Amino acid sequence: MAFEKTWRWFGSDDAVKLSDLKQMGIEGVVTALHHIPNGEIWPVEEIMKVKTAIENYGMRWSVVESLPVSEGIKTKSPDSERLLCNYKESLRNLGKCGIDTVVYNFMPVLDWVRTDLHFKLPSGGEVMYFDFPTFVAFDAFILGRPGAENDYPPEIVTKARKKYRAMTREEADTLSRNIIVVSQGFIDGVVDDTAADYKKVFLEHIENYRDIDRNKLRMHLAGFLNAVVPVAEKHGINLCIHPDDPPFPVLGLPRIASTGADIEWIINQHGSLSNGIAFCTGSLSVMNNDHLEDIIRSAGHRIHFLHLRNNILLADGCFYESGHIHGDVNMYRVMKLLLEEQQSRIREGRRDTRMPLRADHGVKMLYDFNYGSNPGYPLIGRMRGMAELSGLEMGIEHSMSGENH
Ligand code: DNO
């Protein structure tokens with residue numbers, strides 16, 4: 001049985017239409033109610049509109065990515081009780097509509113970070129790149145966050161200073177806008193594109209974490225899970241946390257979903273299957289490639305969603321995305337272990353055997369340059385990734401079942 005082929009679709013504004021997805025062989029759509037402001041309740045009628053539109057094309061709304069956890073919940077602000085009530089209500093409404101998989105993350109302020117959204121590969125294709133010294137240049141010298149220099153290794157700060165000195169004002173502005181606005185806006189980022197002084201607003205968000213260290217953030221996540229997992233379970237929903245991207249602290253903010261040990265800690269906070277993870281090979285492999293297989297072995301039973309993609313890892317914590325099957329992640333081994341997990345679910349009679357998979361991010365290529373797309377989400381590059389992953393999956397599945405044709 002193959003994994004459910006899914007595709008991240010950004011709603012009716014997406015240049016790719018549902019009819020296109022159908023042609024591409026997509027079975028399940030991954031989307032969110034992007035028009036509902038972060039922290040507000042998702043009403044049944046709005047959920048049903050999207051669900052019906054998807055089902056009219058013979059596909060299913062397979063995964064909600066994401067039902068965003070507001071900053072107020074992450075920081076436990078005075079408004080957090082109301083936000084939590086709204087979150088639970090949205091989950092109930094999703095459950096009533098028969099949606100069974102919901103992704104969230106617990107990364108402070110920024111969802112994911114890249115310093116270059118248009119890194120040119122020798123082939124002419126474009127991918128996203130994270131350059132650690134450039135990121136530190138942004139934090140310490142462009143944003144000027146107080147104390148930032150002390151939050152990073154001295155040798156990286158030295159390189160960052162050099163990078164900053166060589167930057168034009170325009171380059172520095174593009175870098176800031178990419179990190180704070182462009183890479184976040186389409187996924188309900190915390191800084192509004194229209195904010196006049198978006199860097200100031202961003203710094204204020206960071207400042208909200210001044211008394212929140214790793215332990216405290218963990219306690220906030222534990223509180224969140226205790227509140228929402230029973231609701232999810234009652235309504236037949238599997239929640240899954242997306243790992244930190246990149247999986248190490250940035251901006252002096254705590255990170256709690258970066259390593260195998262973090263994931264173990266998270267799944268142990270609540271024994272329900274509804275307390276699960278989104279297995280993102282791109283995020284989890286950046287510091288340590290080898291632990292991907294360990295994570296599948298130890299936490300595989302809680303994996304509810306597969307984000308597969310690859311990276312090339314470089315010195316100094318830098319990396320760039322390299323499509324799907326080629327790169328530092330051993331996609332053959334990862335796929336094989338995931339298929340074994342699916343087999344064991346079938347043997348155990350579990351209901352959640354679909355294991356929705358999406359080709360995460362992709363190389364911008366060919367006609368992708370003629371159409372607008374959100375950073376990381378080109379049509380052709382992702383479609384190539386889906387095709388590669390499907391072929392790999394089919395080959396491994398056949399060899400596992402002993403078939404030789
Ligand atoms: C980036 C995505 C993330 C992910 C969220 C889940 O491309 O993987 O934005 O959707 O972190 O909440």
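Start at 1 and go down the list; that is how both ligands and their atoms are numbered. Please read all numbers here as calculations on a predicted model, not as lab measurements.
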Name the orientation class of the two ring planes belonging to Tyr152 and Phe135 (parallel below 30°, tilted from 30 to 60°, perpendicular beyond 60°). perpendicular
Name the residue from Arg358, His361, His307 that meets the side chain to side chain contact (heavy atoms under 4.5 Å, CB included) definition with Arg8. Arg358
Without hydrogens or angle criteria, can the side chains of Lys74 and Asn105 be said to hold a donor-acceptor pair below 3.5 Å? yes
Contacts under 3.5 angstrom, residues 142-151 side chains, donor-acceptor by atom type, not counting sequence neighbours:
from   : atom 1 : to     : atom 2 : distance (Å)
Arg145 : NE     : Asp139 : OD1    : 2.8
Arg145 : NE     : Asp139 : OD2    : 3.3
Arg145 : NE     : Leu251 : O      : 3.4
Arg145 : NH1    : Asp151 : OD2    : 3.0
Arg145 : NH1    : Leu251 : O      : 3.4
Arg145 : NH2    : Asp139 : OD2    : 2.8
Arg145 : NH2    : Asp151 : OD2    : 2.9
Glu149 : OE1    : Arg161 : NH2    : 2.8

Table of N or O contacts for ligand 1, cutoff 3.5 Å:
from     : atom 1 : to     : atom 2 : distance (Å)
ligand 1 : 7 (O)  : His361 : NE2    : 2.6
ligand 1 : 7 (O)  : Tyr377 : OH     : 2.6
ligand 1 : 8 (O)  : His242 : NE2    : 3.2
ligand 1 : 9 (O)  : Asp111 : OD1    : 3.1
ligand 1 : 9 (O)  : Asp111 : OD2    : 3.1
ligand 1 : 10 (O) : Arg8   : NH1    : 3.3
ligand 1 : 10 (O) : Glu65  : OE2    : 2.4
ligand 1 : 11 (O) : Asn105 : ND2    : 3.2
ligand 1 : 11 (O) : Asp111 : OD1    : 2.8
ligand 1 : 11 (O) : Asp111 : OD2    : 3.3
ligand 1 : 12 (O) : Ser66  : OG     : 2.7
ligand 1 : 12 (O) : Asn105 : ND2    : 3.0

Is there a donor-acceptor contact under 3.5 Å from the side chain of Asn310 to the main chain of Val329? yes
Flag the pair Arg214 and Asp262 as a salt bridge only when some basic side-chain nitrogen lies within less than 4.0 angstrom of an acidic carboxylate oxygen. yes
